[in-house]
Engineer: 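Pasting a structure below so you can have a look.
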There are 2 protein chains.
Amino acid sequence: MMGIRAQQKEKTRRALVDAAFNQLSAERSFSSLSLREVAREANIAPTSFYRHFKDMNELGLTMVDEGGLTLRQMMRKGRQRAEAGGSVIRISVETFMEVLESNPNVFRILLHERSGTSAPFRAAVAREIEHFISELAHYTEATARRSPELARAQAEALVTLVFNAGAAALDMKRVDRKILADRLVIQLRMVAKGAECLQQKMENR
Amino acid sequence: MMGIRAQQKEKTRRALVDAAFNQLSAERSFSSLSLREVAREANIAPTSFYRHFKDMNELGLTMVDEGGLTLRQMMRKGRQRAEAGGSVIRISVETFMEVLESNPNVFRILLHERSGTSAPFRAAVAREIEHFISELAHYTEATARRSPELARAQAEALVTLVFNAGAAALDMKRVDRKILADRLVIQLRMVAKGAECLQQKMENR
DNA sequence: AAATTGAGCGTACATCTGTGCGCCAATTTA
DNA sequence: TAAATTGGCGCACAGATGTACGCTCAATTT
């Protein structure tokens with residue numbers, strides 16, 4: 001059991017993380033947040049921030065980690081739905097868009113810091129996305145008898161397209177998001193179909 | 001003819017733009033530059049900055065415009081080379097990587113501000129990239145008899161993959177860039193081949 | 001030759017930032 | 001019950017930032 005003291009600490013720590021997430025938006029990136037702003041939003045004194053995080057970077061990396069968690073939950077959800085049958089691509093895109101919509105700021109930090117100015121951040125995001133890619137590559141390799149290299153290239157392309165669409169979808173209204181999602185499905189099918197063709201071509205010689 | 005006075009003005013204006021470009025790096029984005037830093041690097045007083053730009057945003061948009069110019073020059077160069085024959089995809093990727101290598105900071109601002117926090121910036125970059133996409137879509141529509149919708153989706157996918165690879169290539173050594181470029185070529189072929197298949201499928205019913 | 005213009009500078013100011021220091025009060029430990 | 005720990009606070013400071021204002025002086029116009 002957690003002492004009343006540790007509970008309170010955990011509570012304000014969450015308040016800090018939540019405050020940071022809540023300040024994110026289309027026009028506000030994590031790196032543009034100041035320690036004081038976050039502390040203000042969390043209703044603590046600026047100096048109290050240090051009781052929880054060494055600096056803003058540490059807070060940010062914590063947030064990226066939570067993003068990774070969301071990503072993995074999303075994968076699980078997608079896999080469950082796919083088991084019920086239907087177009088894997090379509091189901092995956094739908095799942096992605098749903099999760100994106102209910103956790104916009106989690107994706108904001110992932111998508112933005114992926115190409116941000118902090119090497120540790122980029123590495124952390126890359127690591128999370130790498131999960132995605134390798135899992136996908138493994139799946140394709142197994143179910144479609146794809147060669148490892150081709151499976152890898154295919155998975156990368158798919159993930160690139162999905163995340164890119166995600167970044168674009170973040171600031172769209174529902175209607176436009178639907179159009180985007182439909183186009184994304186087509187693009188993913190292109191990659192899948194094309195990979196299949198390339199695979200056959202390689203086998204026939 | 002330009003008076004000696006206008007010449008001098010143009011000269012320090014360029015100094016400002018160049019100073020800003022030169023400060024960009026993997027760990028330094030445009031939005032993290034301060035007016036004073038840029039002025040310092042350009043060897044002018046901070047307040048003199050205003051003789052040339054209303055604020056940092058205006059400077060940034062100027063830089064994005066120059067980026068658009070670079071992009072269009074790249075397209076021309078690629079088209080010329082492609083006329084000589086050979087794999088269009090491979091030639092395009094090679095051209096892209098060359099231009100990327102010799103103008104890293106031009107691409108930095110394009111690639112970063114594409115998903116940045118300033119709506120005007122995002123719009124400006126999107127406009128430049130849209131050139132790319134529509135030109136490519138038109139080309140595919142004409143030479144491969146692709147339907148407009150499919151051509152558009154295909155072009156978008158291609159451009160997404162290319163620019164994404166470009167962002168990743170920016171901070172790589174030459175060797176890794178080569179590997180990346182080869183994989184990119186494969187991915188682009190997937191899209192091209194897949195689009196072809198989808199097109200045929202649509203026609204056969 | 002005289003008057004006007006304008007690029008560039010220095011000073012100044014209000015505002016914001018991160019963070020060191022010492023205190024308090026409540027919880028935890030001894 | 002006494003002592004130690006620690007989350008949270010206020011104060012204070014140095015440094016950086018954007019920008020308003022007014023000056024200078026060379027180029028340009030009249």
Side-chain angles (χ1 to χ4, degrees), chain A residues 1-25 27-63 109 113 116-121, chain B residues 1-25 27-63 109 113 116-121:
Chain A
M1 63 153 207
M2 199 159 50
I4 168 169
R5 194 162 191 156
Q7 272 181 45
Q8 181 53 33
K9 175 158 186 178
E10 177 55 28
K11 202 169 156 188
T12 72
R13 186 190 148 100
R14 262 253 65 84
L16 278 171
V17 175
D18 290 341
F21 268 122
N22 287 336
Q23 305 227 357
L24 296 182
S25 73
E27 35 281 310
R28 212 78 166 71
S29 73
F30 173 78
S31 53
S32 81
L33 297 182
S34 75
L35 182 151
R36 290 178 103 107
E37 278 177 309
V38 175
R40 215 177 298 136
E41 179 85 3
N43 288 312
I44 66 166
T47 49
S48 298
F49 180 96
Y50 298 105
R51 301 291 182 190
H52 303 272
F53 301 100
K54 184 176 145 291
D55 53 22
M56 282 293 286
N57 271 342
E58 200 170 289
L59 206 209
L61 290 176
T62 300
M63 294 167 75
I109 196 168
E113 300 307 327
T117 55
S118 156
F121 271 64
Chain B
M1 65 156 204
M2 199 160 49
I4 167 171
R5 194 162 189 156
Q7 273 180 45
Q8 181 52 33
K9 173 157 188 180
E10 177 56 28
K11 202 169 156 190
T12 71
R13 185 189 148 101
R14 263 251 65 84
L16 279 171
V17 175
D18 290 342
F21 268 122
N22 288 335
Q23 307 229 12
L24 296 181
S25 73
E27 34 281 311
R28 212 77 166 72
S29 73
F30 173 78
S31 54
S32 81
L33 297 182
S34 75
L35 183 151
R36 291 177 103 107
E37 277 177 310
V38 175
R40 215 176 298 136
E41 178 85 3
N43 288 312
I44 67 167
T47 49
S48 298
F49 180 96
Y50 297 105
R51 301 289 183 190
H52 303 274
F53 302 100
K54 182 175 146 292
D55 53 22
M56 282 293 286
N57 272 341
E58 199 171 290
L59 206 210
L61 290 175
T62 301
M63 293 166 76
I109 196 168
E113 300 307 326
T117 55
S118 156
F121 271 63

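Note: hydrogens, waters and symmetry copies are ignored here, and every other heavy atom, side chains too, is used. A, B, ... follow the sequence lines: proteins, then strands. Residue 1 opens every chain.
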Engineer: For DNA chain C, whose closest nucleotide is more 5', that of A:Pro46 or that of B:Ala45?
Structural biologist: B:Ala45
Engineer: Does A:His52 reach the side chain of A:Lys9, with side-chain heavy atoms less than 4.5 Å apart?
Structural biologist: yes
Engineer: Name the residue closer to the 5' end of DNA chain D, choosing between B:Thr47 and A:Asn43 according to the nucleotide with the nearest heavy atom.
Structural biologist: A:Asn43
Engineer: Measure CD/A:Glu37 against P/C:dC16 and give the value in whole Å, please.
Structural biologist: 10 Å
Engineer: Does OP1 or OP2 of D:dG8 have a side-chain N or O of A:Arg13 closer than 4.0 Å?
Structural biologist: no
Engineer: How long is the line joining CD of A:Glu58 and P of C:dT19, in whole Å?
Structural biologist: 12 Å
Engineer: Calculate the interatomic distance between B:Gln8 atom CD and C:dT5 atom C1'; express it in whole Å.
Structural biologist: 16 Å
Engineer: Would you mind reading off the distance between A:Leu35 atom CG and D:dG15 atom C1', rounded to a whole angstrom?
Structural biologist: 16 Å
Engineer: To the nearest Å, give me how far apart OH (A:Tyr50) and C1' (D:dC9) are.
Structural biologist: 14 Å
Engineer: Among C:dG8, D:dC9, C:dG18, which is the nearest nucleotide to the side chain of B:His52?
Structural biologist: C:dG8
Engineer: Could you check whether the side chain of A:Arg36 and the base of C:dG18 have a donor-acceptor pair of N or O atoms closer than 3.5 Å, going by distance alone?
Structural biologist: yes
Engineer: Is there a donor-acceptor pair under 3.5 Å between the side chain of B:Asp55 and the backbone N or O of B:Glu58?
Structural biologist: yes
Engineer: Which nucleotide sits closest to the side chain of B:Ser34: C:dT17, D:dT17, C:dG8?
Structural biologist: D:dT17
Engineer: Here's a test for you: under side-chain contact (heavy atoms from CB on, under 4.5 Å), which of A:Asp18, A:Thr12, A:Leu16 qualifies with A:Arg14?
Structural biologist: A:Asp18
Engineer: Given D:dT19, D:dG7, D:dG10, which nucleotide is nearest the side-chain atoms of A:Arg51?
Structural biologist: D:dG7
Engineer: Can you measure A:Met56 atom CE to C:dT17 atom C1' for me and round it to whole angstrom units?
Structural biologist: 12 Å
Engineer: How many whole angstroms separate atom CD of B:Glu10 from atom P of C:dA7?
Structural biologist: 12 Å
Engineer: Tell whether B:Arg5 reaches the base of D:dT29 with its side chain through a donor-acceptor pair below 3.5 angstrom.
Structural biologist: no
Engineer: Give a yes/no answer on whether the side chain of A:Ser48 brings an N or O atom under 4.0 Å of OP1 or OP2 in D:dG7.
Structural biologist: no
Engineer: Please find the pair of heavy atoms, one from B:Leu33 and one from B:Gln23, that lie closest to each other, and give the distance.
Structural biologist: CD2-CB, 3.7 Å
Engineer: If I take atom NZ in residue A:Lys9 and atom C1' in nucleotide C:dA25, what distance separates them, rounded to the nearest angstrom?
Structural biologist: 17 Å
Engineer: Are the side chains of A:Phe49 and A:Met56 in contact, using a 4.5 Å heavy-atom criterion?
Structural biologist: yes
Engineer: Counting only side-chain nitrogens and oxygens, does B:Arg40 get under 4.0 Å of the OP1 or OP2 atom of D:dT17?
Structural biologist: yes
Engineer: Has the side chain of A:Thr12 got a donor or acceptor atom sitting under 3.5 Å from an opposite partner on the base of D:dG8?
Structural biologist: no
